[in-house]
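All chains are named by letter (A, B, ...) in the order of the sequence lines, taking the proteins before the strands, and each is independently numbered beginning at 1. Values in this document were obtained by computation on a predicted structure and should not be read as measured data.
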Amino acid sequence: MIQSLRGMRDIAGREARIFQWIEERARYFFELYGYREIKLPVMERTELFSRGIGDESDIVQKEMYTFEDRKGRSVTLRPEGTAGVVRHYIENGFDKRDPLKKFYYSGAMFRYERPQKGRYRQFYQFGVEAFGMESPLIDADTIAMLVDYFRDIGIESPLVKVNNIGCPGCRPDYNRALQGYLRNHEERLCPDCRKRIETNPLRVLDCKRESCRKVVADSPDIADFLCDSCRSYDEEFQKLLSARKIPFERDRFLVRGLDYYVKTVFEIHGGEGAQNALMGGGRYDGLVEALGGQPVPGFGFAIGVDRLASLLMETSLFEDDPGKLFMVWNLEEQALLLEKCDILRKCGVSVDFLPDKRSFSNQLKYAHRQGYRHVVILGEEEALSEQIHLKNMETGDETYVSPYDIIEHLI
RNA sequence: GUGGGUGUAGCUCAGCUGGUAGAGCAACGGAUUGUGGCUCCGUUGGUCGUGGGUUCAAGUCCCAUCAUCCACCCCA
């Protein structure tokens, strides 16, 4: 038997419906807030990601699906969406002549990782990117959009965590202070974090180990090191979130994995298990320049659709589908069956039937097992009438109705 | 990449210190060829993940491999 590849899965049945719904609502909200769709290639030159995400990042180092194409060029299946959007932005010269742009994208991403709960090698994300805007207004407005969206699709109380991780002007000061503090407590840190003291001290802040978290609890707070510009930016940002009545908490241990982030970073959490971050994002003012464009500020986020879907699978969303009909039929002239189905479908009702002849009893049994709430009985008698012989499978009631108001009877 | 758990019917699982595979549910047929659910009867379905080894004999023991789950690293 040929199986699907490791970490790759089929999304079918109710989960597929939930995926569709999640995406439909996201599109609605993104459009409402002025973002416009962009469809991007699933494969890019490897260089785009190594430069965009950072050569030393784990994603680039060990998680990319990288191949040589037939001409020997190195190509990579996208591990995230931002780099592609930035490439599009620069390729079209928007950075030089028309910098204010808001995009959203959606699709499959690929990372060669060990699968676990809420993590797959092919996974689905959608996200937005706003270019040319350096104002807490865009940060706060976009987070407000997200909270509205999460509530709309039925995530009761999304947990919004925000932080400000400074800019190239002030973060080095903080890094030095943090390094100094961590060196003094090095013996209490895990081996990974000991290395991080030199390579990326910020990452020690979000280590999951109990011992490291104790050390970090008394570490210097970045808020005390922000430059005037970052500080006032953050103050205004939090003021705007409060004014918009967005429940959030500042988490000073929230740092993001991708090194292009500056100032605002944020995550929204929900659900069980270790992989419970539903989305993450932040400001990346240096990224466009790093990929060869003009220095243009950016802000964006990505939502993990698989994780959202698995959360909604726990609810009763789409558990039944009252609007569909099943034809229980027995006719000499089979064309009549198709004719009747056609009429009903033109009235906007989903109709299905079994294509082989079986007894009424048998067909009803089937309809019942499939969970149909209503069936249409179509025998030689009904074939002569304009009326539809409708049976409610829950009450057992049978009525004759016109196909044009059948929808009324299906609720 | 690291650590641990699990692979037996479509699903959930049983199968003792090795002796030739079982239950429940589901599916399908019938009791009921114009009426489902409840009940009863019957039927189908398994190279025990795969490959190798030990043995007279392996679902059971050993090795390898693949898949899956959970956690770490990292991230959505």
Inset, instruction - Give a yes or no on whether the ring-centroid distance for Y35(A) and F103(A) is below 6.0 angstrom. - result: no

Inset, instruction - State the dot-bracket string of RNA chain B. Criteria: Watson-Crick or G-U wobble, both atom distances under 3.5 angstrom; notation: ( ) intrastrand, [ ] crossing earlier pairs, | interstrand, . unpaired. - result: (((((((..((((.....[..)))).(((((.......))))).....(((((..]....))))))))))))....

Legend entry - Quiz item: E398(A) side-chain donor-acceptor pair to U35(B) base, under 3.5 Å: yes

Please tabulate the protein-to-nucleotide N/O contacts below 3.5 Å involving nucleotides 25-30 of chain B, giving atom names and distances.
from   : atom 1 : to      : atom 2 : distance (Å)
A27(B) : OP1    : R369(A) : NE     : 3.2
C28(B) : OP2    : R369(A) : NE     : 3.1
C28(B) : OP2    : R369(A) : NH2    : 2.7
G29(B) : OP1    : N362(A) : ND2    : 3.3

Inset, instruction - Rounded to whole angstrom, note down the P distance from C13(B) over to G52(B). - result: 29 Å

Inset, instruction - Take atom CZ of R256(A) and atom P of C74(B), then tell me their distance rounded to the nearest Å. - result: 13 Å

Inset, instruction - May I ask you to decide whether R27(A) forms a salt bridge with E31(A), counting only side-chain N to carboxylate O separations under 4.0 Å? - result: no

Legend entry - Stretch residues 375-382 of chain A: residues that reach within less than 4.0 Å of RNA chain B through a heavy atom: I377(A), G379(A), E380(A), E381(A), E382(A)

Inset, instruction - Answer yes if the ring centres of F326(A) and Y366(A) are under 6.0 angstrom apart, and no otherwise. - result: yes

Legend entry - Pairwise C1' distance, G7(B) and U12(B) [rounded to whole Å]: 14 Å

Inset, instruction - Mind calculating the distance between CZ (F326(A)) and P (G36(B)) to the nearest angstrom? - result: 14 Å

Inset, instruction - Considering just the side-chain nitrogens and oxygens of Q116(A), establish if one lies under 4.0 Å of OP1 or OP2 belonging to A71(B). - result: yes

Legend entry - Distance between P atoms of C40(B) and C56(B) (Å, rounded): 50 Å

Legend entry - Protein-nucleotide distance (F360(A), atom CZ; U35(B), atom C1'), rounded to Å: 8 Å

Legend entry - Nucleotide C74(B), atom P - distance to OH of Y261(A) in whole Å: 16 Å

Inset, instruction - Could you measure between the two C1' atoms, the one in A58(B) and the one in C74(B), and give it in whole Å? - result: 42 Å

Inset, instruction - Indicate, yes or no, whether a donor-acceptor pair under 3.5 Å links the base of A76(B) to the side chain of R119(A). - result: no

Inset, instruction - Identify whether the distance between the nearest side-chain nitrogen and carboxylate oxygen of E198(A) and R183(A) falls below 4.0 Å. - result: yes

Inset, instruction - Verify the contact: side-chain N or O of K208(A) to OP1 or OP2 of C72(B), cut-off strictly under 4.0 Å; return yes or no. - result: yes

Inset, instruction - Identify whether the distance between the nearest side-chain nitrogen and carboxylate oxygen of R244(A) and D148(A) falls below 4.0 Å. - result: yes

Legend entry - H368(A)-Y372(A) aromatic ring centre distance below 6.0 Å: no

Inset, instruction - May I ask you to establish whether R9(A) and Y120(A) are in a cation-pi arrangement, using a distance under 6.0 Å from NZ or CZ to the six-membered ring centre and at most 45° from the ring axis? - result: yes

